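These values consider heavy atoms only, across backbone and side chains, with no hydrogens, waters or symmetry-generated copies. For ligands, and for the atoms within them, numbers begin at 1 and follow the listed sequence. We number each residue from 1, following the sequence as shown. On a predicted model such as this, the values are computed, not experimentally measured, just so you know.
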Amino acid sequence: MKTEYLSNKPVDIQKAAAILKNGGLVGIPTETVYGLAANALNGAAVAKIFEAKGRPMDNPLIVHIAEYDDIARFELTSDALPELYTLAKNFWPGPLTIIMKKGKAVPDEVTAGLDTVAVRFPSHPVARAVIHAAGLPLAAPSANLSGSPSPTTAQHVLNDMDGRIDAVVDGGSCVVGVESTVITLTTKTPTLLRPGSVTVEQLRRLLGKIEIDDAVLHQLEDGRAAPSPGMKYKHYAPKANVVLLKCGDDEFIEYVNSHGGRGVAALCCDEDIPLLSGVKAISLGKRGDYTEQARNLFDSLRRIDGYGDVMTVYSRLPQTDGVGMAVYNRLTRAAGFEVIDLEAV
Ligand code: AMP
Ligand code: MG
């Protein structure tokens with residue numbers, strides 16, 4: 001299969017829409033990461049997403065819409081929860097995915113057989129234009145090969161998916177850089193299943209009580225069923241081994257400098273660059289600026305693999321407040337939860 005490169009011009013948006021209406025697969029930009037889209041109402045089209053990504057069949061997809069009213073129009077759910085309305089009014093269009101009871105129009109391929117469905121209304125103008133032009137809700141996971149870092153440019157999508165999908169629409173670099181915040185309204189108390197740039201603090205201000213699922217900040221316990229199947233898979237990992245250091249700024253510099261060498265890299269901050277020596281250093285952004293670090297995270301993980309010879313990557317264990325929780329969640333998974341606590345020694 002030849003993968004067509006499309007621009008974000010109207011004529012190319014129409015081409016992308018035609019492919020989707022025909023049951024094909026198109027990589028599309030969103031404000032979070034690039035998505036791999038198919039017609040969410042067509043089970044056979046959705047099944048091709050799993051094949052192209054090598055995604056485990058039990059990991060459900062997010063349905064993307066371009067209007068709040070699409071929920072009712074496409075019968076995605078029969079829920080009319082007050083929390084759904086409140087969240088949508090405040091955060092849609094935007095990087096928040098809401099899980100609710102599945103409506104009858106949603107095929108089992110989308111939800112991996114669950115009786116719930118994840119829905120998001122993205123703010124990216126190109127994503128919205130493609131959904132509008134297709135006149136369909138689009139099922140879309142991140143457009144990477146399963147297990148590798150999510151793509152934040154059209155080139156990242158091509159690196160993983162060239163020859164496996166029909167087309168990719170280039171909408172530039174993603175502004176948020178990590179996947180959407182996922183909250184479920186199907187539990188007694190609304191529960192955060194994946195942190196993103198919509199923060200727990202923002203959600204609490206709006207809804208009052210929300211819970212944070214244990215698997216957001218910790219490794220999923222053996223034998224516990226994942227409330228969100230994506231939680232149980234190794235994710236976001238470059239080929240090199242990521243090791244996180246729990247420590248202050250000075251200790252970070254000292255540790256990395258004394259463990260340097262040819263196959264060693266540091267995923268660090270701007271202020272660290274002049275202080276590090278003997279390692280390949282890639283900055284995620286300014287210290288403490290987790291919005292910027294989130295934006296650069298996946299591109300940086302891919303660049304480390306681009307060096308070819310990196311075996312070990314050291315990075316800081318992030319804080320968990322604000323957008324820091326999203327960076328913490330992705331990095332701990334990329335590291336397979338390997339953390340060296342320098343404060344404890
Ligand atoms: P991706 O689009 O690749 O970021 O993956 C979508 C994420 O949403 C995965 O972690 C899924 O497990 C999660 N997800 C999608 N639908 C549901 C659902 N109905 N219930 C719980 N988690 C879901
Ligand atoms: Mg993904």
- [ ] Specify side chain, backbone, both or neither for A226, according to which of its non-hydrogen atoms lie closer than 4.0 Å to ligand 1.
- [x]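 For A226, there is no contact with ligand 1 at all, from either part.
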
- [ ] Select one of side chain, backbone, both or neither to describe which atoms of T116 lie under 4.0 Å from any atom of ligand 1, heavy atoms only.
- [x]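 Both backbone and side chain of T116 come within 4.0 Å of ligand 1.
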
- [ ] From the options V279, D272, L275, select the one residue that forms a side-chain contact (heavy atoms from CB on, under 4.5 Å) with V256.
- [x]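 The single option meeting the side-chain contact (heavy atoms from CB on, under 4.5 Å) with V256 is V279.
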
Open item on the list: Using the rule side-chain contact (heavy atoms from CB on, under 4.5 Å), only one of L136, N42, N39 pairs with K21; which is it?
Closed with: L136

Provide the number and element of each atom of ligand 1 under 4.0 Å from a heavy atom of [X].
{"X": "L114", "value": "18 (C), 19 (N), 20 (N)"}
{"X": "I62", "value": "2 (O), 6 (C)"}
{"X": "L61", "value": "15 (C), 16 (N)"}
{"X": "P227", "value": "21 (C)"}
{"X": "S228", "value": "10 (O), 11 (C), 12 (O), 13 (C), 14 (N), 21 (C), 22 (N), 23 (C)"}
{"X": "P141", "value": "1 (P), 2 (O), 3 (O)"}
{"X": "A140", "value": "2 (O)"}

I'd like to know whether ligand 1 has [X] as a neighbour, heavy-atom separation below 4.0 Å.
{"X": "K102", "value": "no"}
{"X": "G35", "value": "no"}
{"X": "S150", "value": "no"}

Open item on the list: Checking side-chain polar atoms at under 3.5 Å, does S142 have a donor or acceptor matched by the opposite partner on E179?
Closed with: no

- [ ] State whether a side-chain donor-acceptor pair under 3.5 Å links H156 with D299.
- [x] yes

SB check [X] [Y] (cutoff 4.0 Å):
{"X": "R287", "Y": "D249", "result": "yes"}
{"X": "D213", "Y": "R194", "result": "no"}
{"X": "D108", "Y": "K102", "result": "yes"}
{"X": "K280", "Y": "D309", "result": "yes"}

Open item on the list: I want to know if ligand 1 touches E179 in the polar sense, i.e. an N/O pair below 3.5 angstrom.
Closed with: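 Min N/O separation from ligand 1 is not below 3.5 Å for E179.
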
Open item on the list: I want to confirm something. Looking only at heavy atoms, which of R194, R120, M100, R55 is nearest to atom 3 (O) of ligand 1?
Closed with: R55

TODO: Only heavy atoms count here, so choose which of D58, I99, N144, T191 is nearest to atom 20 (N) of ligand 1.
DONE: I99

TODO: For the Mg ion (ligand 2), decide whether S150 has an N, O or S atom at a distance under 2.8 Å.
DONE: no

TODO: Could you tell me whether the side chain of N329 and the main chain of V216 form a donor-acceptor pair under 3.5 Å?
DONE: yes

Open item on the list: Does any part of the side chain of D70, heavy atoms only, come nearer than 4.5 Å to the side chain of F121, both counted from C-beta?
Closed with: no

